[in-house]
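Here the structure is laid out as structure tokens; the discussion comes afterwards.
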Amino acid sequence: MNDAESLSLEKENWQQQLGPKVSREHEGKDRLTFLFLWLFTIAVFARPEDIFPALAPFHLTFVFGACAGLTYLGGLLSGHIDLQWTPELKIVLLLTAWYIAGVPFAYWRSGSFQTLMHVWLKTFLIFFLLTQVLTAVERIRKLLWAVILSELVVTSISIFMSSRAIWVGERLLGFNLGILGWNFLGIAEALTIPYIAAIFVVRRSILEASLLVAAVISMTWMLMLTASRSGFLDVVLSTTLTSFLVLRGSSRGRLIGAAMALALVVGLSLAPQVFWERLGTMWDAADFSTNEVAASARESQDNHLTALTRSIEYTLEYPIFGLGLGNFEVANGSDLGVPDAWIGTHNTFTEISSEAGVPALLLFIALLVTALRNTKKMDKITANNPESREVNLLARATQVSLLSFVFGALFAHLAYEYYFFYLVGIGIGIQQIAGRMQAISSAPASDFPSTLHIAAAN
């Protein structure tokens, strides 16, 4: 055996023996922070207090979020955790600074300050923690399972206990007053479908596969009961992109792709009349209203279009700092003086531009573009490495989720909510993991031990 062969064999042995140690060392430094962040994820997606009102006084999201922040701070101050800086985090910090700077110029200063403190800063804290603790594939997988199982439980309960759930006319709102109910459910499903597909491809457990399929079926059927037009279109888009970008070249991928398509077809064939009546308003003539449901859907569409137009007008009138965070509804309702005007923008991009100005919108778009570009880069880096197959699938799934969010954001105002920032945080985690894997795999055999220890330290 020559020296080159000996060094190559030694590198392979180091990879087998110490490769997993890198992930364990990263996990051990901030295990408690991740645990509380995982519990927070369940609390914010599943919103158990909506199903069991007795839990409301415990303020679970606040408790878990605060514990995650405090444990991270303790680890940082003690030197056990290293602060991770990424381009995405820097952009969000700039966005936060702009939001703060705009408070004195807000239409309703106290309302803007409340939105900043009680909504945005909570979102920023969770995003920051996601960028710091998603350091291993196993953690990303656990976080995704928390989201998927929350969706499965909430939608199943809303379906099987529909007599006790909230209905708006013939449309099911469900129990959840967050993103897993009403018009937001379609966006939630669209963001999750790519990850369900990625996990299904790499995981061989029958139980896990069954839970993933059940989640798709449950969410799809509840989507039909909500009769959300934009939500349905977002799910169709997400399913299509997932089939082409995530499931390509995999027999198991084709299987879950067929299952998702079948769920949509069966859902459509069994969908209630209210779903078809609302969906039909998208291509009927503007003055054609066959019944009360169609008329209501048309009125809702007109109100949303008016809100969009008004948000653009406010953007042009207040291009620097906007109206102030959370102020569009107040300003629009006060200016128009009609009850129907007291609604949000129903568009994430004009929500930001009208409430925080054009610079804030540019920062948000820069964040979106950066996240897409970096996940695409990770897709290419990990494409030809069998050991990084799961990371590659997660990178592709994140791209699809981000694109699905862009579509859903055209019909919902989610600028200050957690959901988009979860996707960006997962993308950052994928970058960190892929970077370490690339450093280890590309290191010369003679320098491999030192490279591995450097990767573990980082």
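We number each residue from 1, following the sequence as shown. As the structure is a computational prediction, the values presented were derived from the model and not from experiment.
Annotation: side chain to side chain contact (heavy atoms under 4.5 Å, CB included) contacts of V369 (sequence neighbours excluded): I365, R373. Residues satisfying the side chain to side chain contact (heavy atoms under 4.5 Å, CB included) test with Q273, not counting sequence neighbours, are E277. Residues satisfying the side chain to side chain donor-acceptor pair (under 3.5 Å) criterion with T239, sequence neighbours excluded, are absent altogether. Evaluation of the side chain to side chain contact (heavy atoms under 4.5 Å, CB included) rule for S401 yields P194, Y195, L423 as partners, not counting sequence neighbours. By the side chain to side chain donor-acceptor pair (under 3.5 Å) test, E88 is found to be paired with N374, Q431, residues two or more places apart in sequence or in another chain being considered.
In this structure a side-chain-to-backbone donor-acceptor pair under 3.5 Å is missing from S112 to W108. In terms of modelled atom types and a separation under 3.5 Å, the side chain of N327 and the main chain of G111 share no donor-acceptor contact. Side-chain atoms of R171 come within 3.5 Å of backbone atoms of T226 as a donor-acceptor pair (strictly under, hydrogens ignored). Within the 3.5 Å criterion, the main-chain N or O of E208 finds a donor-acceptor partner in the side chain of S205. Under a 3.5 Å cut-off, the side chain of Q432 and the backbone N or O of T135 do not form any donor-acceptor pair. A donor-acceptor pair under 3.5 Å is formed between the side chain of R278 and the backbone N or O of A227. Side-chain atoms of D379 never come within 3.5 Å of backbone atoms of A395 as a donor-acceptor pair (strictly under, hydrogens ignored). The backbone N or O of L308 lies less than 3.5 Å from no partner atom in the side chain of T345, so there is not a single donor-acceptor pair. No donor-acceptor distance shorter than 3.5 angstrom exists from the side chain of D30 to the backbone of T33, with no hydrogens or angles considered. Of the possible donor and acceptor atoms, none in the side chain of S311 sits under 3.5 Å from a partner among the backbone N and O of E351.
Shortest non-hydrogen contact noted between L177 and D50 is N-OD2, 2.9 Å. The shortest heavy-atom contact between I196 and A215 is CD1-CB, 4.4 Å. Of all heavy-atom pairs spanning P359 and I320, the tightest one is CD-O, 3.5 Å. The two residues P57 and A54 have their closest heavy-atom pair at CD-O, 3.2 Å. Of all non-hydrogen atoms in A188 and L180, the two that sit nearest each other are CB-CD2, 3.7 Å. When every heavy atom of A197 is checked against every heavy atom of L247, the shortest pair comes out as CB-CD2, 3.5 Å.
Other residues, nucleotides and ligands place more than 12 heavy atoms under 6.0 Å from the CH2 atom of W221. Other residues, nucleotides and ligands place no more than 12 heavy atoms under 6.0 Å from the CD1 atom of I206.
Side-chain contact check for Y422 versus I126: some heavy-atom pair is nearer than 4.5 Å. Proximity of L225 to P272: side-chain heavy atoms (C-beta onward) are separated by under 4.5 Å at one or more points. Side-chain atoms of R396 and L393, non-hydrogen and from C-beta on, do get closer than 4.5 Å to each other. For the pair I312 and S354, the minimum side-chain heavy-atom distance is 4.5 Å or more. Proximity of T41 to K142: side-chain heavy atoms (C-beta onward) are nowhere separated by under 4.5 Å. Between E151 and T192, the closest side-chain pair of non-hydrogen atoms falls below 4.5 Å. By the 4.5 Å heavy-atom criterion applied to side chains, I343 and H413 are not counted as neighbours. Residues L185 and I179 form no side-chain contact, since every pair of their non-hydrogen atoms from C-beta on lies 4.5 Å or further apart.
We find that R141 and E390 are joined by a salt bridge, their nearest charged nitrogen and carboxylate oxygen being less than 4.0 Å apart. Ion pairing between a basic and an acidic side chain is recognised when a charged N comes within 4.0 Å of a carboxylate O; R229 and D234 show no such pairing.
Of the inter-residue distances, the one linking L403 atom CG with T240 atom OG1 reads 12.5 Å to the nearest 0.5 angstrom. Note that CZ of R47 and CD of E49 are 5.0 Å apart. Values are rounded to the nearest 0.5 Å. Here the CZ-CG distance, from F127 to L95, works out to 10.0 Å after rounding to the nearest 0.5 Å. Annotation: the span from W85 atom CH2 to L89 atom CG amounts to 5.5 Å, rounded to 0.5 Å. Once rounded to the nearest 0.5 Å, the distance linking CG of L212 with CZ of R203 reads 10.0 Å. Atom CD of E329 sits about 7.0 Å away from atom CH2 of W342, to the nearest 0.5 Å.
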T382 and S388: CA distance, side-chain angles, deciding distance, side chain to side chain donor-acceptor pair (under 3.5 Å) verdict: CA-CA 6 Å; T382 58; S388 59; 4.6 Å; no
Test log, rule ring-ring contact (aromatic ring centres under 6.0 Å, His included), inputs F45 and F40: CA-CA 8 Å; F45 276 86; F40 174 88; 9.0 Å; no
Side chain to side chain contact (heavy atoms under 4.5 Å, CB included) assessment of N176 paired with W182: CA-CA 8 Å; N176 191 283; W182 201 230; over 6 Å; no
Evaluation steps, side chain to side chain contact (heavy atoms under 4.5 Å, CB included), between L361 and F349: CA-CA 7 Å; L361 175 62; F349 302 102; 4.0 Å; yes
Verdict with reasoning, V235 to I193, per side chain to side chain contact (heavy atoms under 4.5 Å, CB included): CA-CA 8 Å; V235 168; I193 279 175; 3.8 Å; yes
Working for side chain to side chain contact (heavy atoms under 4.5 Å, CB included), residues F124 and L93: CA-CA 8 Å; F124 172 74; L93 281 170; 3.3 Å; yes
Chi angles and distances behind the ring-ring contact (aromatic ring centres under 6.0 Å, His included) call for F411, F407: CA-CA 8 Å; F411 306 97; F407 182 84; 5.3 Å; yes
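The ring of F128 has its center closer than 6.0 angstrom to the ring center of Y72. For Y419 and F184, the distance between ring centers is not under 6.0 angstrom.
In this structure, a donor-acceptor pair under 3.5 Å is present between the side chains of E355 and Y416. Side-chain contact, S218 with S156: a donor N or O sits under 3.5 Å from an acceptor N or O. In this model, no donor atom of one side chain and acceptor atom of the other lie less than 3.5 Å apart for E189 and S238. In summary, the side chains of W120 and T96 do present a donor paired with an acceptor at a separation below 3.5 Å, with no hydrogens or angles considered.
Partner of I140 under the side chain to side chain contact (heavy atoms under 4.5 Å, CB included) criterion, out of L394, T398, V391: L394 alone.
Residue pairs meeting the ring-ring contact (aromatic ring centres under 6.0 Å, His included) criterion with at least one member in residues 300-327, sequence neighbours excluded, are W98-F321, F105-F321, H304-H346, Y314-F328.
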